[in-house]
Amino acid sequence: MKRSCLLSLSLIFTLLAGKAEHPQRFFDRKDLILSGTYYYPEQWPSDQWERDIKKIAALGFEFIHFGEFAWAFMEPREGMYDFVWLDEAIRLSQKYGLKIILCTPSAIPPVWLSEKHPDIMCVTDGGQSLQHGARQPASWASDTYRSYVEKIVAVLAKRYGNNPAVIGWQIDNEPSHYKYSYEYSENNRRKFIGWLRDKYGGIEVLNEAWGTAFWSETYGSFDQIVIPNPERLAGKANPHAMLDFKRYTADMAASFINFQADILRRHISEGQWITSNTMPAHAQVDPARMDHLDFPTYTRYLVHGLNIGHGGQGFRISKPEMIGWNNDLYRNFKGVTGVMEIQPGQVNWGVYNPQTYPGAVRLWYYHILAGGNKLVCHYRFRQPLKGSEQYHYGTMQTDGISVSRTGEEIVRFNRELSILRRNYNPEARMPPKLEKIRTAILVNPDNRWEMDFQPQTEQWNTVVHYDKYYNIVKSFAAPVDIIGENADFSKWPVLVVPAFQLLDKTLIDRWRKYVEEGGHLVLTCRTGQKNRNAHLWEAKLSEPIYKLIGARELFFDHLPPDIWASVKMDSDIFTWNNWADVLQPDRTSETWAVHNDQFYAGSAAVLHKKTGKGSVTYIGVDSDDSRLEKEVLRRIYKNRGEIYDLPEGIILEWRDGFWFGLNYTSEPYRFPIPANAQILIGIPETPAAGVIVWKESK
Ligand code: GAL
């Protein structure tokens with residue numbers, strides 16, 4: 001064969017291999033999203049399984065989810081496996097045309113295991129070992145536990161890894177949900193020490209990085225190190241030790257998940273995917289580190305007495321960022337994602353447990369679809385009659401045969417999905433006006449871990465700060481991607497970087513290049529105060545970013561919760577009382593807003609600097625009502641063309657040629673529908689918790 005022929009063949013193979021790796025290959029684009037539900041055969045009499053599974057299929061679900069808490073049924077005694085029940089549930093699912101997601105059961109060891117090896121259990125910050133009787137008691141750091149997990153996962157993978165009805169695997173259950181993710185067992189201490197040894201090499205290096213000269217915390221050897229435990233310390237824990245412990249914990253969680261992915265991978269067919277479902281609100285884990293998965297998925301509960309949304313009924317509907325942020329974050333880890341659990345209606349574990357507003361569950365489903373998810377799984381099919389989640393809604397009521405009020409909303413979604421599938425156009429491309437305002441928000445969990453431990457003011461809330469910028473950008477209807485530092489920033493015309501406290505010169509250089517080449521960078525307060533070890537720079541506060549933002553001096557200020565100060569932009573006055581950076585501009589930047597009072601009145605609060613083909617804007621103030629931040633961003637986006645001005649709680653998304661209008665408010669809202677719109681679902685005057693979907697015809 002000629003060399004050129006060989007080369008092109010190898011190119012084709014490389015391209016094919018590259019394509020084969022993208023997890024989109026597991027999903028058919030024209031399906032848009034697959035809809036499924038959780039079912040626990042082990043919790044119901046076997047003579048009801050067929051009735052239930054048949055009903056699941058009849059209600060329009062396409063897959064069924066089994067097994068994440070069923071270890072005691074899979075291996076009732078050590079080494080004695082029982083899969084008769086699961087084989088039967090799988091057979092029935094196949095009979096009714098359902099696909100299957102199977103789980104590894106590592107979230108709860110059977111009692112024989114914890115009885116035999118009590119040292120597998122987590123230890124609390126109060127020094128108590130957890131007992132059997134609820135899920136998630138075992139330590140990720142226990143080698144003994146892992147050896148048992150390895151066995152059961154391999155047995156499962158060999159048994160079902162080539163079953164054509166099994167489309168994918170979920171590892172564990174919500175590893176972020178472990179109450180004692182931060183745990184103090186000797187197993188964990190030993191592993192933490194090993195992690196520190198790998199990271200620092202010598203104890204002097206650790207002493208330097210942790211600043212242990214302060215308060216004579218100095219260590220003579222790694223073996224003396226204990227996990228920093230604020231409950232057992234009379235003074236504030238060492239912040240560098242705390243940050244490392246959080247990094248270590250996220251690494252440990254990821255290694256527990258990756259280790260199971262590797263076992264599955266050895267036995268399952270190429271067509272089955274592997275995921276694990278994490279809860280984004282819980283910062284103990286970092287899905288980006290779970291990189292042996294085909295893609296991470298998320299789970300979401302929105303109405304439980306917190307997350308009060310917009311208007312009088314907001315407590316029954318929740319807030320759009322609860323789903324939106326996660327769509328835009330999880331989709332970007334591996335290019336596809338899904339929602340492995342979504343709240344079915346009323347739950348049992350909230351601060352209080354209101355009924356969800358009529359339509360709210362369906363609204364969330366549409367938001368999940370609009371955000372690009374490839375699958376959505378309803379938690380759970382049947383409402384439990386016994387056990388720890390009594391009163392938690394399912395698709396069915398307690399009788400097991402009547403669909404619940406909120407179950408009806410999902411059934412309706414399942415039905416409506418076929419309308420959208422019929423209208424799917426593979427040629428659809430994002431409209432240019434949206435392309436121009438595509439926005440990335442850059443995050444790194446280090447910043448959240450560090451600022452949550454050292455907020456400096458009790459009013460600081462990192463997630464609220466992130467959400468604020470997210471919501472402002474969404475009010476312009478800009479498509480958003482939440483990205484990490486490994487992304488190529490040049491793909492987004494606007495890059496928002498909220499409170500990025502820990503950085504290095506490399507990142508600053510990347511930002512400079514991004515801006516020189518035409519990007520619009522927005523940095524907010526607290527950015528650049530520290531290096532990656534969370535040390536302040538031996539320079540002026542935040543000095544490494546001065547040149548980039550056009551400043552020559554900066555300090556910050558806080559106010560008591562009931563005193564407001566103000567900032568002036570043009571002739572508008574904006575108030576703040578949480579956090580304000582006070583800046584002195586150099587001659588390269590424009591001052592867009594100044595402090596209007598306090599002893600530093602006249603100093604800059606917002607700086608804007610043109611650099612190369614792009615610009616950098618530094619917003620130093622964190623206000624309560626977001627008005628200042630919104631007006632600053634509006635100026636930046638307006639220069640890029642037409643933007644929307646959607647009220648709070650109103651979301652407009654575009655996916656695959658469909659426009660989705662989502663009303664998270666308590667009042668009807670009339671969406672701006674273009675003249676050439678063909679409405680597929682809903683009406684322009686969309687009720688509270690309502691949805692409208694349209695496509696534009698040529
Ligand atoms: C989730 C969990 C489920 C179930 C559900 C109840 O966080 O993963 O197993 O407990 O909450 O709302």
Trainee: Please work out whether the ring planes of F256 and W140 are parallel, tilted or perpendicular, with thresholds of 30° and 60°.
Mentor: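 The rings of F256 and W140 sit tilted, inter-plane angle from 30° to 60°.
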Trainee: So among S106, S139, S255, which one has a side chain to side chain donor-acceptor pair (under 3.5 Å) with R146?
Mentor: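 It is S255; the other options fail the test.
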Trainee: Between atom CH2 of W364 and atom CG of L302, what is the distance when rounded to the nearest 0.5 Å?
Mentor: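 W364 CH2 to L302 CG: 5.0 Å, rounded to 0.5 Å.
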Trainee: Pairing donors with acceptors under 3.5 angstrom, does anything connect the side chains of E416 and Y366?
Mentor: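 Yes, because at least one side-chain N or O of E416 sits under 3.5 Å from a partner of the opposite role on Y366.
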Trainee: Run the salt-bridge test on R265 and D294 with the 4.0 Å N-O cut-off and return the result as yes or no.
Mentor: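 Between D294 and R265 there is a salt bridge, with a charged N closer than 4.0 Å to a carboxylate O.
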Trainee: Between Q272 and W169, does any side-chain donor sit less than 3.5 Å from a side-chain acceptor?
Mentor: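 W169 and Q272 do have a side-chain donor-acceptor pair below 3.5 Å.
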Trainee: So which heavy atom on P296 is nearest to which on T337, and how close?
Mentor: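 Reported closest heavy-atom pair: O-OG1, 2.7 Å.
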Trainee: In terms of side-chain heavy atoms, does Y664 have a donor or acceptor partner in H310 at a distance below 3.5 Å?
Mentor: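 Side-chain D/A pair, Y664 to H310: absent.
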Trainee: Can any side-chain N or O of E183 pair as donor or acceptor with the backbone N or O of S185 at less than 3.5 Å?
Mentor: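 Yes, E183 side chain to S185 backbone: donor-acceptor pair under 3.5 Å.
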Trainee: Determine whether more than 12 heavy atoms belonging to other residues, nucleotides or ligands lie under 6.0 Å from atom NZ of K151.
Mentor: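 Yes - once you tally the heavy atoms of other residues, nucleotides and ligands closer than 6.0 Å, there are more than 12.
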Trainee: Nearest 0.5 Å, what's the OG1-NE2 distance between T356 and H304?
Mentor: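 Atom-to-atom, T356:OG1 and H304:NE2 are 12.5 Å apart.
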Trainee: Between T275 and T297, is there a side-chain donor-acceptor contact under 3.5 Å, judged purely by atom types and distance?
Mentor: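 Yes, side-chain donor-acceptor contact under 3.5 Å.
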Trainee: Roughly how far apart are Y38 OH and C103 SG, rounded to 0.5 Å?
Mentor: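 Separation between the atoms: 6.0 Å.
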Trainee: So, applying side chain to side chain donor-acceptor pair (under 3.5 Å) with Q170, which one of E341, E68, H65 is it?
Mentor: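 One option only clears the test, and that one is H65.
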Trainee: Are any non-hydrogen side-chain atoms of R91 and D87 less than 4.5 angstrom apart?
Mentor: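 No, side chains not in contact.
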Trainee: Short question: side chain of S318, backbone of G309 - any donor-acceptor pair under 3.5 Å?
Mentor: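 The answer is no, because no donor-acceptor pair under 3.5 Å joins these two groups.
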Trainee: Does any N or O in the side chain of W449 come within less than 3.5 Å of the main-chain N or O of A283, such that one atom is a donor and the other an acceptor?
Mentor: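 Looks like yes, one N/O pair under 3.5 Å.
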Trainee: Where is the tightest heavy-atom contact between Y357 and R405, given as atom of each residue plus distance?
Mentor: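 In terms of heavy atoms, the two residues are closest at C-NH1, 4.2 Å.
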Trainee: Short question: side chain of R289, backbone of M252 - any donor-acceptor pair under 3.5 Å?
Mentor: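 Pair absent, no side-chain N/O of R289 close to backbone of M252.
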Trainee: Around atom CD of E78, are there more than 12 heavy atoms of other residues, nucleotides or ligands at under 6.0 Å?
Mentor: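 Yes, CD of E78 has more than 12 neighbouring heavy atoms, counting only those of other groups under 6.0 Å.
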Trainee: Hydrogens and angles aside, do Q43 and K386 bring a side-chain donor and acceptor to less than 3.5 Å of each other?
Mentor: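 Q43 vs K386: no donor-acceptor pair found between side chains.
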Trainee: For the pair F27 and F295, evaluate ring pair (Phe, Tyr, Trp, His ring centres under 6.0 Å) and give the outcome as yes or no after the intermediate values.
Mentor: CA-CA 12 Å; F27 302 95; F295 52 89; 5.7 Å; yes
Trainee: Between the main-chain N or O of A58 and the side-chain N or O of Y96, is there a donor-acceptor pair closer than 3.5 Å?
Mentor: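 Checked: no pair found.
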Trainee: Is E648 close to T665 at the side-chain level, that is, under 4.5 Å between some pair of heavy atoms?
Mentor: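 They are not in contact (no side-chain heavy atoms under 4.5 Å apart), so the answer is no.
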Trainee: Does N258 reach the main-chain N or O of D262 with its side chain, forming a donor-acceptor pair under 3.5 Å?
Mentor: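 Not a single qualifying donor-acceptor pair exists.
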Trainee: How are the rings of Y248 and F192 set to each other: parallel, tilted or perpendicular (split at 30° and 60°)?
Mentor: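 Because their plane-to-plane angle lies in the 30° to 60° range, the rings of Y248 and F192 count as tilted.
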Trainee: Atom CD1 of I152 and atom CD of E75: how far apart are they, to the nearest 0.5 Å?
Mentor: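 Answer rounded to 0.5 Å: 4.5 Å.
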Trainee: Go through the steps to decide whether F333 and Y330 satisfy the test ring pair (Phe, Tyr, Trp, His ring centres under 6.0 Å), and finish with yes or no.
Mentor: CA-CA 6 Å; F333 290 120; Y330 276 71; 5.4 Å; yes
Trainee: Side chains of I650 and T686, heavy atoms from C-beta outward: is any pair under 4.5 Å?
Mentor: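 Heavy-atom side-chain distance check fails, nothing below 4.5 Å.
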Trainee: Return yes if a side-chain donor-acceptor contact under 3.5 Å exists between Y393 and Q355, otherwise no.
Mentor: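 Checked: Y393/Q355 side chains pair up, N/O donor to acceptor below 3.5 Å.
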Trainee: Just jot down the side-chain hydrogen bond (donor to acceptor under 3.5 Å, both in side chains) partners of N326, sequence neighbours excluded, or say none.
Mentor: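 For N326 there are no side-chain hydrogen bond (donor to acceptor under 3.5 Å, both in side chains) partners, ignoring immediate neighbours.
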Trainee: Evaluate the side-chain proximity of P175 to N277: yes if any heavy-atom separation is below 4.5 Å, no if none is.
Mentor: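 They are in contact (side-chain heavy atoms under 4.5 Å apart), so the answer is yes.
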Trainee: Work out which heavy atom in A689 is nearest to a heavy atom in A360; give both atom names and the distance.
Mentor: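 A689 and A360 have their closest heavy atoms at CB-N, 3.9 Å.
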Trainee: Using a strict threshold of under 4.0 Å (side-chain N to carboxylate O), is an ion pair present between K474 and E321?
Mentor: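 Salt bridge: no.
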Trainee: Return yes if a side-chain donor-acceptor contact under 3.5 Å exists between N327 and N373, otherwise no.
Mentor: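 There is such a pair (donor and acceptor under 3.5 Å, judged by atom type) between the side chains of N327 and N373.
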Trainee: Using only heavy-atom distances, determine whether the side chains of Y39 and D52 contain a donor-acceptor pair under 3.5 Å.
Mentor: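 Y39 vs D52: donor-acceptor pair found between side chains.
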Trainee: Quick one: CG on N414 to NE2 on H378, what's the gap to the nearest 0.5 Å?
Mentor: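 That separation rounds to 9.5 Å.
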Trainee: For the CD atom of Q260 and the CD1 atom of I171, what is their distance to the nearest 0.5 Å?
Mentor: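 Reported value, rounded in 0.5 Å steps: 5.5 Å.
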Trainee: Quick check against the 3.5 Å criterion: does R300 have a side-chain atom that pairs as donor or acceptor with the backbone of V339?
Mentor: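 Checked: no pair found.
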Trainee: Kindly determine whether W273 and K374 satisfy side-chain contact (heavy atoms from CB on, under 4.5 Å), including the steps that lead there.
Mentor: CA-CA 12 Å; W273 44 257; K374 302 291 174 183; over 6 Å; no
Trainee: Just checking Q128: does its CD atom have more than 12 heavy atoms from other residues, nucleotides or ligands closer to it than 6.0 angstrom?
Mentor: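 No, not enclosed.
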Trainee: Between D328 and Y470, do the side chains contain a donor N or O and an acceptor N or O under 3.5 Å apart?
Mentor: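 Present: a donor and an acceptor within the cut-off.
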Trainee: Test side-chain contact (heavy atoms from CB on, under 4.5 Å) on Y145 and M121; report intermediate values, then the result.
Mentor: CA-CA 9 Å; Y145 188 52; M121 302 304 243; over 6 Å; no
Trainee: Between the side chains of R412 and E409, is the shortest nitrogen-to-carboxylate-oxygen separation below 4.0 Å, so that they form an ion pair?
Mentor: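 Salt bridge between E409 and R412, a charged N being under 4.0 Å from a carboxylate O: no.
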Trainee: Taking side chain as C-beta onward, heavy atoms only, is I342 less than 4.5 Å from I410?
Mentor: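 Side-chain contact under 4.5 Å: no.
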Trainee: Would you confirm whether R655, through its side chain, and G371, through its main-chain N or O, come within 3.5 Å as a donor-acceptor pair?
Mentor: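 A pair under 3.5 Å: no.
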Trainee: Checking H392 against W349 for the side-chain contact (heavy atoms from CB on, under 4.5 Å) test, could you report, in this order, the C-alpha distance in whole Å, the side-chain angles of both residues, the deciding distance, and whether it holds?
Mentor: CA-CA 8 Å; H392 189 297; W349 46 261; 3.9 Å; yes
Trainee: Closest heavy-atom contact between P687 and N663?
Mentor: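 Result for this residue pair: O-ND2, 3.1 Å.
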Trainee: Do the side chains of Y379 and Q343 get nearer than 4.5 Å, heavy atoms only?
Mentor: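 Q343 vs Y379: side chains apart.
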Trainee: Could you check whether N229 and Y182, counting side-chain N and O atoms only, form a donor-acceptor pair closer than 3.5 Å?
Mentor: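 No, because no side-chain N or O of Y182 sits under 3.5 Å from a partner of the opposite role on N229.
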Trainee: Quick check on R232: does its CZ atom have over 12 non-hydrogen neighbours (other residues, nucleotides or ligands) under 6.0 Å away?
Mentor: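 Incorrect, the count does not exceed 12.
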Trainee: Please check: side-chain N/O of W460 versus main-chain N/O of M451, any donor-acceptor pairing under 3.5 Å?
Mentor: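 No; zero donor-acceptor contacts below 3.5 Å.
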Trainee: Say whether D452 and T462, considering side chains only, have a donor N or O and an acceptor N or O under 3.5 Å apart.
Mentor: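 Present: a donor and an acceptor within the cut-off.
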Trainee: Less than 4.5 Å apart, any side-chain heavy atom of Y160 and any of I100?
Mentor: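 They are not in contact (no side-chain heavy atoms under 4.5 Å apart), so the answer is no.
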Trainee: Identify whether the distance between the nearest side-chain nitrogen and carboxylate oxygen of D143 and K191 falls below 4.0 Å.
Mentor: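 Yes, charged N to carboxylate O under 4.0 Å.
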